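Report on the structure given below.
All of these numbers come straight from a predicted model, not from anything done at the bench. Naming: A, B, ... by sequence-line order, numbering from 1 per chain.
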There are 2 protein chains.
Amino acid sequence: MINLDNASTTKPYAEVVNSIALSLEEDYLNISAKYSQAKQIEKKVELIRAGFLKEINAKDGVIIFCPSATAANNLVLRSLNLKEAGKILIADGEHSSVYETAKELKNNGADIDFVPLDKTGHLDLEKFKRSLTPSVRFVSCMLVSNETGAINNIKEITRLAKQANKNCLVHTDCVQALGKIDLSVSDLGVDYATFSAHKIYGPKGIGALYAKNINTLRPLIFGGGQEYNLISGTENFAYIAGFYTALKLTIHKIKENYNIVSNYRQEFLSALESEKIDFILNSPKENFSPYILNLSFKNVRGEVLLHALSQKGILVANGSACSSKKRGNRVLEAMGKNKNEVDWAVRISFSPYEKYDFKTIAKEFKNVIEEIKY
Amino acid sequence: MINLDNASTTKPYAEVVNSIALSLEEDYLNISAKYSQAKQIEKKVELIRAGFLKEINAKDGVIIFCPSATAANNLVLRSLNLKEAGKILIADGEHSSVYETAKELKNNGADIDFVPLDKTGHLDLEKFKRSLTPSVRFVSCMLVSNETGAINNIKEITRLAKQANKNCLVHTDCVQALGKIDLSVSDLGVDYATFSAHKIYGPKGIGALYAKNINTLRPLIFGGGQEYNLISGTENFAYIAGFYTALKLTIHKIKENYNIVSNYRQEFLSALESEKIDFILNSPKENFSPYILNLSFKNVRGEVLLHALSQKGILVANGSACSSKKRGNRVLEAMGKNKNEVDWAVRISFSPYEKYDFKTIAKEFKNVIEEIKY
């Protein structure tokens, strides 16, 4: 199997699997129980929260563990009080967990505007500036696009938002940034940041939200009061431990992995060109993460290419796997791509832990494309 | 360690740990991806859903995997359309995940009445009957009380509710029933039933909701549309597999374990009596699960007893661990217990997989109680 779909999910590190298995066996007591035997596990969680904050360079604030990054994004957006006045700005290219939640809030009367992307897949900063008024109370824009790899200038976006209204809260979804590009929530200046374990070789079923001021949040799941009374339900210590194990290992290798993947990206593009395959680069040429590459192969339907490649054992995506139930590609459309470009698009995403023979892979692409192009 | 707090959580089976580790290593692709390699994992999930329905004797309906039983209870209650007229009845003894969610809905204008318990800790059937009118549209009552072990007559409660209004939807929280007493959702006649993995030697961080008609539900977490578009977020296959492994092993041993635990309960009560320890039985004398025993030791504060016993390595609970952040004991108060009885209460809960020397345990209780009683 040649996995070129690592933005969708990743294979857990052996250390993560061991950490989860050990925690399931040894630290299985209910953290919410009152006896000291359980409180010892709670102390481990508190140490992990503190370590997590350090890894994302947060000078203050808290980490809230959530069942997924999707739940973390829901937690932020659904904490917005709909009875309060003020404009909510959501970037057009957000992941479905932000976008669909925002649409639901809008249906319930929230004053939400979606801010367009520019042609490169970044938030259109000029249009963003024009939407900013003192009534803007919340902004959500992702750090790295899961569709194109575009890196948004969140520091500048936050500065502009808080310049327009110093009480404006800013959220950034960092799921495709964590462990891949340098990340400092304090430097970005954001109020909230979302993270996922399974994109960095951790388990599926756990995410985390950084919140600068926890008092701005309201419960997403009601019950016994776990996770600062925001996400009730018995704590999943095994996955908290597994997430943290993955985080430390990934951040430790961030520069090394970045260089490997940057080379992979260049080698892959060169190999496609050597094979004279006709494609359009949908990912930006500046301010991008090398981990994600979005391409449209001329006269080749992305979905057909995906299935044909998968029969050869090559995994790619078209449209994020996180929204497989939706049609089309909202993000590419928001970039102004035409119907064909959208229809032809596939997403390639690399792992630094895979060895790729790009010459052979490009030949496979060539063969498959020759067969299926119209 | 002598674990008498197994209603709070359980130690995962070795088979569960193995199943989770194997799934993390082998079935790590994103189920929502479109290639066949991912669809193979989706097929496994569909087989598990079908197997789960069989284990709970459901003739129809679906299983929705949720991040916790708490989330499953939230999913049911928060699917209620607050703009719709009609009375919602919630039993007074419900777990905090139902109770706190119901309180939140009531604060948002829902027409909710809480139905009292009788002195035995069961739903007061006479009072329930008197609350039933054709306008009752939803009823929630747990099958086995997590505080006392009282088994409610859900079949009769459902019959009465649907007799009052044939469109009334009935929900039962089966977290403390699954794998412990015989359970048939079809026989109970309910529309929804909630289950938890970590109470039956599975992992923490996964629950399941049975729904007879999925169209009665609305999304709890918005995003990519996973779990029938009700709980978005990448599927946690490892825990789905672990939950199902735990379910099969537990249900297979349900009768054998029931007999073991029934004996444990009797032996423990006899040992306490032999030591002439003065206690009040808060659990019912009829229609109870032997797994949970609620006792008030005269002139002994439950919380002090809990901590003193934990120093001797004996784990008990006072108030469910699932709501440790709340004070008092809402359920015992709802049964009409006086302040002292509530203050003195502890919950003992057995595991069939532990060996207990109840004579020695009762002596430890005696010694500790002599020291701390006022």
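- Once rounded to the nearest 0.5 Å, the distance linking NE2 of B/His198 with OG of B/Ser68 reads 8.0 Å.
- Atom CG of residue B/Leu29 and atom CD of residue B/Glu235 lie 12.0 Å apart, to the nearest 0.5 angstrom.
- The closest donor-acceptor contact from the side chain of A/Thr70 to the backbone of B/Ser232 lies at 3.5 Å or more, if one exists at all.
- Side chain of B/Gln176 to main chain of B/Ser145: no donor-acceptor pair is present (N/O by atom type, distance under 3.5 Å, no hydrogens or angles).
- With 3.5 Å as the limit, one finds a donor-acceptor pair spanning the side chains of A/Tyr13 and A/Thr250.
- A/Asn3 touches chain B through its side chain: at least one heavy atom from C-beta onward sits under 4.5 Å away, while N, CA, C and O do not.
- Listed options B/Ser97, B/Gly205, B/Ser36, B/Cys66 were ranked by heavy-atom pairs under 4.5 angstrom with chain A; first place goes to B/Ser97.
- Heavy atoms of B/Ile206 lying under 4.5 Å from chain A are absent altogether.
- Counting heavy-atom pairs closer than 4.5 Å to chain B, the top-ranked of the candidates A/Thr9, A/Ile221, A/Val316, A/Leu306 is A/Ile221.
- Proximity to chain B involves both the backbone and the side chain of A/Ser310, based on heavy atoms less than 4.5 angstrom apart.
- Heavy-atom distances place no part of A/Ser196 under 4.5 Å from chain B, backbone and side chain included.
- By the 30° and 60° cut-offs, the orientation of the rings of A/Tyr239 relative to B/Tyr239 is parallel.
- The candidate with the highest count of non-hydrogen atom pairs below 4.5 Å against chain B, out of A/Met1, A/Glu104, A/Gln311, A/His307, is A/Glu104.
- Ring pair A/Phe114/A/Tyr99: centre-to-centre distance below 6.0 Å.
- No other option in A/Val17, A/Ile231, A/Ile20, A/Val98 has as many heavy-atom pairs under 4.5 Å with chain B as A/Val17.
- For A/Leu309, no part sits under 4.5 Å from any heavy atom of chain B, backbone or side chain.
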